[in-house]
Every structure is written in structure tokens, then in C-alpha cells.
Amino acid sequence: MSRYTAADIEPKWQEAWDKAGIFTATRDESKPKYYVLEMFPYPSGRIHMGHVRNYTMGDVISRYKSSCGFSVLHPMGWDAFGMPAENAAMAQGGHPGTWTYDNIKTMKGQMKPLGLSIDWSREFATCDPEYYGQQQSMFIDFMEKGLVYRKNATVNWDPVDMTVLANEQVIDGCGWRSGAPVERRELTQWFFKISDYSGELLDALDGLDNWPEKVRTMQANWIGRSQGLQFSFERTDGGGIEVYTTRPDTLMGASFVGISPDHPISKALEAENPDVAAKLAEMRKGGSTEEAIETAEKLGYDTGIRVRHPLNPEWELPVWIANFILMDYGTGAIFACPAHDQRDLDFCRKYDLPVVDTFLSLDDPKPVENDAFVPPKTEKVKWVNHFAGPDEATGEEAIDATVKFAEEAGWGTGVEKFRLRDWGLSRQRYWGCPIPVVHCPDCGVVPEKKENLPVKLPEDVTFDVPGNPLDRHPTWRDCACPSCGKPAKRETDTMDTFVDSSWYFARFTSPNAETPTDMDDASYWMNVDQYIGGIEHAILHLLYSRFFARAMNICGHLPDKAIEPFNALFTQGMVTHEIYVTRDENDRPVYHLPEDIEWTENGARLGACGTEVEVIPSAKMSKSKKNVVDPAQIISSFGADTARWFVLSDSPPERDVEWTASGAEAAAKHLARVHATAVKIAAMDDAEGDDIDLLRAMHKAIHDVTMGIESFGFNAAIAKLYAFQNTISKSKAGGKAQKQAMRTMAQLMSPMTPHLSEEVWSMLGGVGLIAQAPWPQADDAMMVEDTVTLPIQINGKRRAEISVPKDMDKAEVEKRALAEDAVVRALDGKSPKKVIVVPGRIVNVVV
RNA sequence: GCGGGCGUGAUGGAAUGGUAGACAUACCAGACUUAAAAUCUGUUGGGCCCUGUGCCCGUGUGGGUUCGAGUCCCACCGCCCGCACCA
């Protein structure tokens, strides 16, 4: 074969790998193991370029580690429960299960041609009853260990459709189908006690050395440990209001006490006073997201209740209900210090409440007007209105002094609190894992017996009316109480899909086990050595998985070493593309697919009619903007290796990569060049005649590419491979040396372009499959140059360079440098102030 | 609102505090060709003096640390992402 034809090469080698069974993971105690995992996909219908990028990166690691002698586990599955399947059933009829399994079949068919080194024998979907039955079994274990409980929590309620809405289904504060303004409503729901692990989940972040710093920071902020003071304001009518504050030092600046609309006091008032009820109804409008609450217009209601200031019983503060106070954080009640909190200030200006400065800037000591003075806690400020500590102190010092003061005086306690809330897992939807409990009129909430698991979803359901089909199913709900045997009702809530994805990595170690995991297999394969996925999962999925691993460990489903399940994490960027828009008669945007665009000298036009097209800068590929490139199409026109090579080139993996047609063509051209060079070299005789430069370049390439792969610098590794290819194609060395260089090239490329590499390898007499050949080793001795070129700087600017033996001593280098023309000229007869010689790197002469 | 990140030629990007722009795209020029495509070779940050082996400027903006800063620190500007029921 003399021309590079991916369509011939790729299926051939995929068949050879299958036949050799080399991707089947086996427990081999004689080898070190390596578990590489990409975040499993949601079966949305078709694979997209983001999948290709994600799985290609995992594949590079997997193939590389395999070549390095590891026993590799590289599995794939489907995160298969979730809303889109129900939406499809609503829109076009049919069953969510049919839609899901059809999608899985299509997407698997699209992934196969990529030539990924996946052990498909371990594949499962989270909607398989075998999987979710094990999940139900674990849920029951968690119940026994007290890791699950029920309480009231807020949901988005569509008052027209009479149904719960996901945040995604709330558009501008209204239900997506009904268009009615959404309200917040309370329901009794199931919760995992993740907050019991707040401190541990936070502290253990320190040990996750191979996680990106930013993910650890984001998780730490999410868990949000704070030190503060908890104390009670005494009500003038008896009783008290417990508040928590992280800024007790500003207590003298208090202007009111604020309580959440969901605070028990608010609810009590609501029940007896229609005015309050109306106000609260207004405050409960809008979505339940933190963002919606934080950015909503500040609303308040003066309850008429008054409390005494703890430091001065004469000083009475009003109690307001305020819509920006969250019941879930702290005690659901605060005292407001408007001078040093912008939110409080906005509220006080709106309702004409007093603003009292407690400290002033040392540089610019003027009272607060419309901008709250919120310096860093480490900045020293002047206290004008204080009761503990010195007149000039930082916020930190003042807080410590205040807590100490309050504790000694006996009216407050320093406490540690976390922002992390318990994980609400109840969903009022069909297409999810049923929560395996039964509500019995006599026994209350009873877990289903394990021998009755899985509690399967009923098949005969319809989606023609809003709401949860399980709720209105005629028979599914009816069952016998597992405890007393009398008629009872099943729980109709299903689990959050995050539950499904919180332990799938553990199931992969033994996907057919009769229990959630098999401890022998889990002990061998866990932990995941390298986990790869999108940054959008930085907080929730990864935090929930860390909690689950701990909970599974407590229930005996994971070994101790696996409580932090992901040893290393890599978060890859998105694949983006330009967006092409024209306008319709109403000036609304109409989007166009990249393949419909033609480029002319006058810019982009529609291929069909020649209409001018506006080009909007690159953004994440999305169906609605039509800026998508179909991987299946790319593979059929260029081949999988080209697609793989391109998504790894150019951009660093953690950053977004822009898909361009020219970039894809460049990748294809390069692979064709490599192939052509290999064909040419294969035809050479085995003439001796080493070329020291070629050998050097080869060892340098081995070193650089290996480092590139190890450090996720795939784009840099590829740049080195380009350079090495240029060196080989220009080499004058004998056939033997060139063949060796080219075989090495094939090996270095094999994690990225496995098919072409096999082809080149076999063409040049490589033994066996390249996929099973050991990774080449760089010879350090070959990479050391005898002489080095040192740049010479004068006052930090490069002015000349000298070539010196690599181990020449500093004094001699200095002497040579000072003898250079440029240096002599710059010195103009004077002697240098200072000369810095960094051996092997640089010389800097300070004049 | 809160939290996180990013900013380097025409473009994607490279650069353990040590020659800024590797590698690639695009453009331009040349070779091959009747021609085009393909392929191959070469040039290309901006400006100045233009005769160079010359000089000045240059990594969002403004300061700072350092012999030396794209890299570290501070402030600002712009863009992007997440915010607990999207997966």
C-alpha cells in the first residue's frame, strides 16, 4: 500500500486488536495496575467532539501506560437516567428506556471507529436494573448506617402544571412549558448526610496532590468552613432569636435582625397574619437557585418584633424578614451591619434603616454612604465603635477578640460552621432509580427487603400529562409492607442522577458482581489512577463521589484506601467552533451549520444561495447554535487518527480547543506525510551509516514526548513529533538508522494515532503489534550536547551569544563573555558592575 | 450577588524566573505543472536607520520585587465558567 488511506488501515488494525484481545483488563498480580477513566457520557443521541477529545486523552494515557508494562483497566459505560429521556417521551411519544437504549447503540457505533483501547466487556448503563438494583441495596445499607434521612426542602413549583421543575426548566423565573411564574414550595425529601463529612472532605483535599489546584480551591470554597459567633438576641416579648455571624466584631454596627422567609418565626407569623402571608408569597416568587435568590431585588417586611442588643439592653433592634437570607445556612437569622456588607447596606438604604460605621480605613477615614467598606480581614483599620480589642487592628484580630469577649461574658459561643448542605436526592420523576422504601400506615417508612431488589420501574407509563407517572400508575405503588405485610405504598420519588454517577467507577472493577462491588477486585483495581473529565464537574460530581466512597467504605463495599477514589484528576477544556448567523425578516438570528458555509474573498457566505453570513467568535459547540462538527462525519472523511491527532494538537488539553477545517486538514496532511516517509524508508536497503544527529534527535524526541504525555502536555508532545518528522524526512543517514528512527516515531505516535502507527510499524519490520511493544527509552547520554550556546545579556537584554564547552567553569565563561564585541562596546572601557553566569543557561552583564 | 479561571503575532498556541513567539495555520515568494489542485522549499511581531555584524518598542492596563518577569506580588480593565433539581 503506497498511499495513506485511513478507511483501509483503521478497520484492519481494530480487528487485529480485537483478535488479540489486548484491551480486556485482567488482574495480573505480577504487574502494577493502572486504572484510567474518562467521565462516562450521557446518551444524548450522538457523540460530539467533546467526547472525542475526552476519550482520546484517556486513550493516550491508557495505551501509554500499557506500553510501560502496566495492567490497564480502561472501561466505558453510560450515565443513562435523566430528564432528556422523559422530555423526548413527552415530545415524540415512546418510552424513555427505548430512547435511551437506542441512543446508546448509536453512540457506541460512533465510538467504535475511534479505535479506543476500551474493555467493552465491562460496559453497563446506569438504567440497567442490574446496576440500579445494587444502588438500591446500597441505599438500604446507608439507611442502616444513618447516612440517609428525610426532611422538608424547597423545590421550584409550577402552579399551572402542578409539578416540580428542575432549575433548568425555570426560564426567567417562569415554568418552561406553562410560562407561569415559578414559586418556591416545600416538600418532604430524602437527604444524604454529606454535611457530617464537611470537615473531613475539606481536610482531605490537602492530600489530593494530583488534582488541579483550582478544583481543590473550588471544593474548599464550596464546603466553606467558617469560624464565627453564635448567640441569641433576646426578644422584648420573650424568647430569643439565635443568630450566627462571621463578623461579630461589627456588632456595634447592627441596625436590624434579619430572618429568612422560611424561618419558624416567619412561618408562625404567616399562619396568623394575612399581610405577612402576602408578603412572603411575593418573596417566594422566582427560582430556588442561590443565584436567583442573591440577585433578586431586596425585599423586606418589618415583623414588629423587637430584640435587645446583647451589649446594651436599652438598645432595641427591629426584626425584619428579608428575602436574601437563606434558611439553609447558619441559623437562618442574622444581624445586619450595613456599613460593612453591601447587601445589608442596599437593604437599609431601601427601607431607611440606620447605618453605623464600626471601623474606618486608615488611609481614607470617611463614613460609609452607598458603598459598604469591606476591607480584607488582614487589613489594619481604625475602630470607632468597638467593645473588644485595640483601636487599630485587623478584622481577624478584632473577630478573635470579640469571640473571646463574648465567651468570657457568657452570651455567645465561637463555633465552626460549613456552607455545605446535605445532599437532597429525591426527584419527582420517572426515569431514575426508584428509592427502595415503602410507606406503611402502621410501620411508617420501611426499607424494601433486599431479596425483592431491584425495585424495577414499571414499563407501562405515559407522559401525556405533567408530573411523575409513578404517582398516577394504577398498581405499581401498591405493595405489601416489608415489615408487617399489610397493604402499603411505594415511595414514588426516584434518585438524583448524581447518585448513579457517584459509584460507577467502583462498579467497573467488577461489573457483574452479585453485590455492589467485589472486595477482591475493588482492592486490586481501585483507586482510579487517572480520572479525566470536564471542569463543569469540579464541584458536585466529584464531591458526591468522594462522599460516596466514604459511605461505601463504612458499609463494606470499598477498601480503606479507596475513600479518596481518584488519585489524579485532569479537567479538559471544551471543543469550540465559530458560529454562523443570518437574520430572518423579523431580524431574529438564524444559525447555520459549518458545512453549509463557503468562504470567499468577501467573507463567509451560504453555499446554497450566497447570502452573506455573520461570523461570531468561537463558543462551545451546541446544537442550538448549530456550530457543531459531527465526529462520525470527520472520521468517515479523514479517519479516526486525524480526528484524534487534531483534538490533541494546538491547544493545551485543559483549555478550550477551536475546531477549524484548516486544522483538521493540516492533521490529515501531516499523517499522510508520515505515511509517505515510512513508505520511502521501507524501500531503502539496510545500509549502515549512523547519523549522530538523527540518533540525538530520536532520543530527544523520546524524552520530550514521554514527558509531554506524562504531564498532559499533548499539544507540546505533538509539536515535538512534528519537529522529529521534519528531521527524519531530511536525514541523510543510512537505511538501517532511518528505519530505527521511523519505528521509534511510530511508537511515539502510537498513543495518539494507533492505527497509522501499527501500519508504519509493520511496514518497517516491527515485531508483533505496536500496541504491545514496550515503550522506547531515551538514552540520557545521547541527549547531552558537548557544547552549548549561551546568550549574553547586557542589563537583561540579549546582545550576543557565545559557544562554549558545556562544563566550562564560570570564571572562564565570564572571561569569554567580557571579550565579546558587543560587551566591549557596551562597557566602553569601564568595568562591569556585576556579572551573573548561570551555567548552561545564560550570562548577564550589568553595566 | 458569591466562587473559580483566562488574557502572548493575522490565527491556535510554545516558553523549570534565564535568547519571547517552538510547532502549526494563514499570507507571501519560489520549484514542479500547459494550467489548477496536490506536493516540496523559503520568508513573515511592529517600528527606525536602511549598508550592515545596528538600534528602539513589544506577552490586556498601571505599579512593584529581581542582575533578569509572559512567568512572582498588588491594583484595575475585559472575557469565560459554576452556583446545589442540566448532565
Side-chain angles (χ1 to χ4, degrees), chain A residues 39-42 44 79 81-84 153-156 164-170 189 194 212-215 217-218 220-222 224 287-296 324 328 342-343 346 419-429 496-498 500-501 534-541 543-544 573-574 617-620 649-652 654-658 660 662-663 665-667 669-670 672-673 676 713 715-716 718-723 726 729 789-801 821-822 825 832-836 838 840-846:
Chain A
M39 291 181 185
F40 66 164
Y42 178 77
S44 55
D79 188 13
F81 276 133
M83 281 202 309
T154 310
V155 293
N156 300 307
V164 177
L165 297 178
N167 286 334
E168 193 188 49
Q169 298 171 316
V170 178
Q189 310 200 57
I194 189 172
E213 185 66 42
K214 67 174 166 184
V215 174
T217 309
M218 284 162 86
N221 289 333
W222 187 260
S288 64
T289 65
E290 197 161 301
E291 183 190 8
I293 293 165
E294 295 277 344
T295 54
F324 61 86
D328 291 317
Q342 191 62 44
R343 244 176 0 184
D346 294 344
R419 202 184 76 100
L420 181 65
R421 313 202 287 257
D422 277 333
W423 171 12
L425 67 115
S426 294
R427 297 291 180 272
Q428 296 71 39
R429 276 187 274 280
D496 178 7
T497 58
F498 272 122
D500 313 334
S501 55
I535 186 73
E536 67 272 20
H537 294 292
I539 296 173
L540 293 180
H541 162 60
L543 190 61
Y544 290 157
M574 297 178 298
S618 236
K620 181 179 182 171
S649 315
D650 290 345
S651 286
E654 67 275 15
R655 241 191 274 176
D656 292 351
V657 65
E658 182 180 16
T660 58
S662 60
E665 275 161 33
K669 277 184 197 171
H670 177 72
R673 260 193 305 265
N715 56 327
I718 281 179
K720 304 292 182 189
L721 285 167
Y722 271 108
N726 290 340
S729 67
T789 304
L790 291 184
I792 297 172
Q793 295 184 331
I794 295 166
N795 294 335
K797 288 193 191 298
R798 193 188 71 90
R799 285 292 183 262
E801 58 184 37
D821 281 355
R825 232 179 301 134
K833 242 191 205 159
K834 196 171 178 183
V835 178
I836 289 131
V838 184
R841 301 239 46 133
I842 206 163
V843 180
N844 192 11
V845 182
V846 186

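Predicted model, so just to flag it, every value in this text is computed and none were measured. So that the names make sense, note that chain A is the first sequence line, chain B the second, and so on, each numbered from 1.
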Close N or O pairs between protein and nucleotides 30-32 of chain B (under 3.5 Å):
none

Which residues pass the side chain to side chain donor-acceptor pair (under 3.5 Å) test with [X], sequence neighbours left out?
X: Glu168(A); result: none
X: Tyr722(A); result: Trp645(A)
X: Trp222(A); result: none
X: Asp79(A); result: none

- What base-paired stems does RNA chain B take part in, with at least 3 consecutive Watson-Crick or G-U wobble pairs and both distances under 3.5 Å?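 Stems (3+ consecutive pairs) listed as B:1-7 with B:77-83, B:10-12 with B:23-25, B:28-31 with B:39-42, B:45-48 with B:54-57, B:60-64 with B:72-76.
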- Message: Using a strict threshold of under 4.0 Å (side-chain N to carboxylate O), is an ion pair present between Glu654(A) and Lys214(A)?
- Response: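 Salt bridge absent between Lys214(A) and Glu654(A).
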- Quickly work out the Asn726(A) CG to C40(B) C1' distance and round it to whole Å.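 Computing the Asn726(A):CG to C40(B):C1' distance gives 12 Å.
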- Could you list the residues that satisfy side-chain contact (heavy atoms from CB on, under 4.5 Å) with Ile842(A), not counting sequence neighbours? Pro791(A), Gln793(A), Val838(A)
- Any donor-acceptor N/O pair under 3.5 Å between U16(B) base and Arg841(A) side chain: yes
Could you list the protein-to-nucleotides 50-59 of chain B atom pairs, N/O on both sides, closer than 3.5 Å?
unit_1	atom_1	unit_2	atom_2	d
C56(B)	OP2	Arg799(A)	NH2	3.0

Could you write out each protein N or O paired with an N or O of nucleotides 64-70 of chain B at a distance under 3.5 Å?
unit_1	atom_1	unit_2	atom_2	d
C67(B)	O2'	Asn844(A)	ND2	3.2
C67(B)	O2	Asn844(A)	ND2	2.6

- Query: Do the ring planes of Phe498(A) and His537(A) sit parallel (below 30°), tilted (30 to 60°) or perpendicular (above 60°)?
  - Reply: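 It falls in the perpendicular class, over 60°.
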- Query: How does protein reach along nucleotides 74-87 of chain B, written 5' to 3' as B (base within reach of a heavy atom under 4.0 Å), S (only sugar-phosphate), or - (no contact)?
  - Reply: ---------BBBSB
Ignoring the backbone of [X], work out which of [options] is nearest its side chain.
X: Ala666(A); options: C23(B), A20(B), U25(B); result: U25(B)
X: Ser662(A); options: A14(B), U25(B), G5(B); result: U25(B)
X: Ala719(A); options: U19(B), A22(B), G4(B); result: A22(B)

- Message: With rounding to the nearest 0.5 angstrom, report the OG to CG distance, Ser288(A) to Leu165(A).
- Response: 9.5 Å
- Message: Could you check G4(B) for me: syn (within 90° of 0) or anti?
- Response: anti
- Query: Taking only residues two or more places apart in sequence or in another chain, which ones pass ring pair (Phe, Tyr, Trp, His ring centres under 6.0 Å) with Tyr42(A)?
  - Reply: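 For Tyr42(A) there are no ring pair (Phe, Tyr, Trp, His ring centres under 6.0 Å) partners, ignoring immediate neighbours.
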- Name all residues meeting the salt bridge (charged side-chain N to carboxylate O under 4.0 Å, His left out) criterion together with Asp500(A); count only those two or more places apart in sequence or in a different chain, and write none if there are none. none
